[in-house]
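We're numbering straight along the sequence, starting at 1. Being a predicted model, the structure only gives us computed values, none of them experimental.
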Amino acid sequence: RKHLIGTTNNEIHGRSFEEIGIVRGIVVRSPNIFQGLFGALKTIIGGNIATYEKICEQARSEAYDRMVQHAEHLGANAIVAMRYDATEFIAGVTEVLAYGTAVRFTN
């Protein structure tokens, strides 16, 4: 797998590029029974919910990897204007979306 540059910036200093198109990676997650139970108990006590934090980080990482795969498939060298979004579309089920603009260097 080649190494792609990923940035939230709209430019890459010193590089010219052409836009290829929007790329995305989508993951839909819900906690398993044990994660849900431990997370629910932690909401009563308060504080950081490490179980949910781990689920969220795994979802973001997987969405990012899928976005990179999409960009590679299009022949991109980089992804600019990269962002994450998350939406709970039914109780306990969240969509995590990583998206940006795939570009190919011209210099």
Side-chain angles (χ1 to χ4, degrees):
R1 180 181 244 191
K2 65 183 178 179
H3 176 72
L4 280 174
I5 296 171
T7 182
T8 58
N9 293 326
N10 293 327
E11 301 175 18
I12 299 173
H13 183 71
R15 300 303 299 255
S16 298
F17 53 79
E18 62 183 0
E19 293 181 13
I20 298 172
I22 295 171
V23 289
R24 74 234 167 265
I26 300 169
V27 175
V28 178
R29 284 281 162 86
S30 67
N32 67 35
I33 188 85
F34 299 110
Q35 293 166 327
L37 179 61
F38 291 131
L41 291 173
K42 184 67 175 182
T43 61
I44 296 169
I45 299 168
N48 185 49
I49 305 173
T51 301
Y52 288 168
E53 184 179 310
K54 183 178 178 182
I55 294 168
C56 291
E57 187 53 42
Q58 288 172 340
R60 277 191 220 71
S61 179
E62 191 172 329
Y64 182 85
D65 289 345
R66 289 180 182 188
M67 177 189 63
V68 167
Q69 288 173 0
H70 186 192
E72 288 175 339
H73 177 75
L74 297 176
N77 300 109
I79 300 168
V80 297
M82 190 267 158
R83 304 286 188 267
Y84 287 104
D85 190 20
T87 305
E88 183 178 56
F89 62 93
I90 61 173
V93 179
T94 302
E95 169 205 36
V96 176
L97 170 66
Y99 63 97
T101 302
V103 299
R104 186 176 300 118
F105 296 138
T106 57
N107 67 345

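Annotation: the span from T7 atom OG1 to E11 atom CD amounts to 10.0 Å, rounded to 0.5 Å.
The hydrophobic cluster of V96 has no other members, since no ILVMFWY side-chain heavy atom comes under 4.5 Å of it.
For the side-chain contact (heavy atoms from CB on, under 4.5 Å) test, residues two or more places apart in sequence or in another chain that qualify with E62 are V27, R29, R66.
Hydrophobic cluster membership differs between F105 and V68, with clusters built from Ile, Leu, Val, Met, Phe, Trp and Tyr side chains linked at under 4.5 angstrom.
Within the structure, salt bridge (charged side-chain N to carboxylate O under 4.0 Å, His left out) contacts touching residues 90-99 (residues at least two apart or in different chains) do not occur.
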Taking distance alone, no hydrogens or angles, what donor-acceptor pairs closer than 3.5 Å link side-chain atoms of residues 14-26 to residues at least two apart or in another chain?
| residue | atom | partner | partner atom | Å |
| --- | --- | --- | --- | --- |
| R15 | NE | N107 | OD1 | 3.3 |
| R15 | NH2 | N107 | O | 2.9 |
| E18 | OE2 | R104 | NH1 | 3.0 |
| R24 | NH1 | H70 | ND1 | 3.1 |
| R24 | NH1 | H70 | NE2 | 3.4 |

Contacts table for residues 78-89: side-chain donor-acceptor under 3.5 angstrom, sequence neighbours left out:
| residue | atom | partner | partner atom | Å |
| --- | --- | --- | --- | --- |
| R83 | NH1 | T8 | O | 3.0 |
| E88 | OE2 | G92 | N | 2.9 |

Evaluate the criterion salt bridge (charged side-chain N to carboxylate O under 4.0 Å, His left out) for residue pair R60 and E57; output intermediate values, then yes/no.
CA-CA 5 Å; R60 277 191 220 71; E57 187 53 42; 3.5 Å; yes

